[in-house]
There are 2 protein chains.
Amino acid sequence: MPSARDEAAPPTMSDVARLAGVSVMTVSNVVNGKDARVSQAMRDRVHEVISELGYRVNMPARALRLGRIGVVALAVPMLDDLYYGEVAQRLADRFEDHGLRLAVESTRGALTRELAVLDDSRLTTYDGVVLAAAAGDASVLEGLQPSTPLVILGERSVPDRFSQVSMDNRGGALRATMDLLRLGARRIALIGGATDGGEGMAAGRTAGHLEALDGAGVARAAELIVPAGVRPQDGYAAAASLLDAGVAFDALLCVTDALALGAMAAVAARGLRIPEDVQVIGWDDTAVGAMATPALSSVAPDNAAAAEVTVRLLMGRIESPSFPPEHVVVSTEVRHRGTTRR
Amino acid sequence: MPSARDEAAPPTMSDVARLAGVSVMTVSNVVNGKDARVSQAMRDRVHEVISELGYRVNMPARALRLGRIGVVALAVPMLDDLYYGEVAQRLADRFEDHGLRLAVESTRGALTRELAVLDDSRLTTYDGVVLAAAAGDASVLEGLQPSTPLVILGERSVPDRFSQVSMDNRGGALRATMDLLRLGARRIALIGGATDGGEGMAAGRTAGHLEALDGAGVARAAELIVPAGVRPQDGYAAAASLLDAGVAFDALLCVTDALALGAMAAVAARGLRIPEDVQVIGWDDTAVGAMATPALSSVAPDNAAAAEVTVRLLMGRIESPSFPPEHVVVSTEVRHRGTTRR
DNA sequence: TTGTATGCGTTATCAA
DNA sequence: TTGATAACGCATACAA
């Protein structure tokens, strides 16, 4: 049975007003720093009572009244991901310049319920949402006509009415593969590749990879396209499966740095040398990848540009619902470090 | 000048009700799945109008009415951190079991303003807050009497009225150092150590480290305690500074895996072998660390237990304001992998 | 099964 | 400079 203390509601502006002997509006004005509308004496009196009561503004009430929350969300598949972590911090810093906080939420659980990624609550609890749509069913977006400003991060084709920021997957994979070929590789395994077409991130990178092979007249080999999950362990397992099966390869193109780090570990565990026996290129240009041994070469998207345009598109939509949606593709470049030969 | 479209407010329940020719309450009941209170015909009618209008529940309004939000926050110093990423995903999964979403926010910007870590908005926009208080001024908490349920994650001493979950820093560092000594190390550098006492995470781990040295009769060496930042790059710089200065060492104890990964890169860049020339132990037992080459030995906190108790303490407080605060210390164990000798 | 009235805590507006 | 009033959108309690 709840005690009396359990029922004690947090103090409200009315409580402060009553105790200070002023009106609620005066408290509101003090709280919001509208100094021009409150005398010094009143201000002091109110502040005194506020700290005495431990009063805090009720944000939902304020949000209801103002029609805005002051927070935008970034929805990512998982919170413990190297790349999304960096994306999140970059976005947080930039949104803060606009007076908005960034809240990061995981869609992992929600994805199992398909449609729920963009359910009511996730959308309308925020002034805007950046959705990193790595997986899941693209058709989710078809019927959606959100009133909440929304920017899609990722490669899946989405209806024109949505703003989207993606990167040049095909081009990046094309150049990375060409670089590997130029550096002597002939049997390049694609870790995290897509075997079944489709239109996600993996599909785009796979397409670019195959295009490079074809262009160079190097035969494709089905066994060298290895689907994988997203964690470093998945990269390890993928590379290990090749080694266990006796599939020969002299290079690994991995669709993320996370996979590459795992794949490197599997290769090293077999006593193979990087880059002498096996060259490796990852994707995302993460800080951890650059600190690997050897330092991981990586396809580097223009992350700063991506963050900037994401914020611009979302802010535009927040400030004006008629802001036209855009689809922006940011460029990528291959950054060679220690896992590829000079 | 804003166009007419810019002023179009999102549809409300009233709009739906009017168009469907029913009362607002019927719409509310439909939206909330109270099927027992609405006939099938009504339900269909309302759903039709809802999708026609693209209606979404206004969460701030619902939150104001219900007195709860359905979201708890995890406030971390930075979003692009290996360990906090894993902590976040674990907590998100566990809170979801209780019907609560987790929103991760960065305090990085706020920390520059000292007190603002726990400002009004950050607290009252959520049903509860888990604060990872790695840095910043402990005195921030002194005057705070939050009505929002709060659990502190971290090592700083906090007032008894707060629930806190920390880990056995002293014990973990003690055992890690003893292990290194047992494995033949005599000159152990502490990367990320605290040179000036204090009470943070680094201070606790430094104390345990020194205690082990003293216990084994191994002389302390001031030049082997190397303060560092938190990113892998900072670990690289710290180890590199030792090497550049010609300070000899045969082992590195790093206060985080992130620092260890960077330090390993610096060591390897000098042609030193791990673990033959230099043994390394990190802290946090991250997935990426386990995938390093060689696999990073690490002090592993009982992360599952930490998440579980964190959720228990916060949920307890959310469900009953009189729930007594606790200070729980989770155990740590040294997990030996490839960066230490067998 | 459906509808009406009321209030959650805040702030804009207008009056004093 | 201060205060009274109304309204933001929703859901509980109760009436029909």
Side-chain angles (χ1 to χ4, degrees), chain A residues 7-47 49-50 53-70 120-121 123-127 147-148, chain B residues 7-47 49-50 53-70 120-121 123-127 147-148:
Chain A
E7 304 305 332
T12 71
M13 271 192 184
S14 304
D15 298 326
V16 176
R18 195 175 327 107
L19 210 65
V22 302
S23 77
V24 190
M25 268 321 295
T26 298
V27 179
S28 174
N29 284 326
V30 169
V31 165
N32 291 297
K34 302 211 192 304
D35 288 7
R37 300 192 180 186
V38 188
S39 68
Q40 183 62 48
M42 277 292 179
R43 230 176 296 157
D44 296 344
R45 177 100 195 82
V46 170
H47 272 130
V49 176
I50 283 180
L53 255 47
Y55 167 77
R56 309 278 141 179
V57 175
N58 180 315
M59 293 306 289
R62 170 182 282 175
L64 172 60
R65 178 62 235 231
L66 295 180
R68 42 184 194 73
I69 322 271
D120 294 354
S121 49
L123 279 176
T124 61
T125 39
Y126 300 106
D127 291 332
S147 52
T148 302
Chain B
E7 303 305 329
T12 70
M13 272 192 184
S14 306
D15 298 325
V16 176
R18 195 174 328 108
L19 210 64
V22 302
S23 78
V24 186
M25 269 321 297
T26 299
V27 179
S28 174
N29 284 327
V30 170
V31 164
N32 292 299
K34 302 213 189 303
D35 289 7
R37 301 191 179 186
V38 188
S39 67
Q40 183 61 49
M42 277 291 177
R43 230 177 295 156
D44 296 345
R45 176 99 196 83
V46 170
H47 273 131
V49 176
I50 282 180
L53 255 47
Y55 167 77
R56 310 278 142 179
V57 176
N58 180 315
M59 291 308 289
R62 171 182 282 175
L64 172 60
R65 178 62 236 237
L66 294 180
R68 43 186 192 72
I69 323 271
D120 294 354
S121 48
L123 279 176
T124 61
T125 38
Y126 300 106
D127 290 332
S147 52
T148 301

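All values below were derived from every heavy atom in this structure, side-chain atoms included, with hydrogens, water molecules and symmetry-related copies excluded. The sequence lines fix the lettering, A, B, ..., with proteins before strands; numbering per chain opens at 1. It should be emphasised that the depicted structure is a prediction, and the values quoted were computed from it without experimental measurement.
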*How far apart are the C-alpha atoms of A:M42 and A:V30, what are their side-chain angles, what is the distance that settles it, and do they pass the side-chain contact (heavy atoms from CB on, under 4.5 Å) test?*
CA-CA 8 Å; A:M42 277 292 179; A:V30 169; 5.6 Å; no

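Taking atom CZ of A:R18 as the reference point, atom C1' of D:dG3 lies 16 Å away to the nearest angstrom.
Here the side chain of B:T124 pairs no donor or acceptor atom with the backbone of A:N58 at under 3.5 angstrom. A:D127 contributes a side-chain N or O that, together with a main-chain N or O of A:I69, makes up a donor-acceptor pair within less than 3.5 Å.
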*If a protein heavy atom is under 4.0 Å from the base, mark B; if only from the sugar-phosphate, S; if neither, -; do that for nucleotides 8-16 of chain C going 5' to 3'.*
BBBBBB---

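Heavy atoms of B:A36 sit under 4.0 angstrom from primed sugar atoms or phosphate atoms, though from no base atom.
Contact check, B:S39 against C:dT1: no side-chain N or O comes under 4.0 Å of OP1 or OP2. At C:dT4, none of the side-chain N or O atoms of B:S23 fall inside 4.0 Å of OP1 or OP2 (strictly under the cut-off).
Using modelled atom types, one finds a donor on one side chain and an acceptor on the other under 3.5 Å when comparing B:R62 with B:N32.
With sequence neighbours excluded, no residue satisfies salt bridge (Lys or Arg N to Asp or Glu O under 4.0 Å) with B:R68.
Among B:V16, B:V38, B:D15, the single residue meeting the side-chain contact (heavy atoms from CB on, under 4.5 Å) criterion with B:V27 is B:V16.
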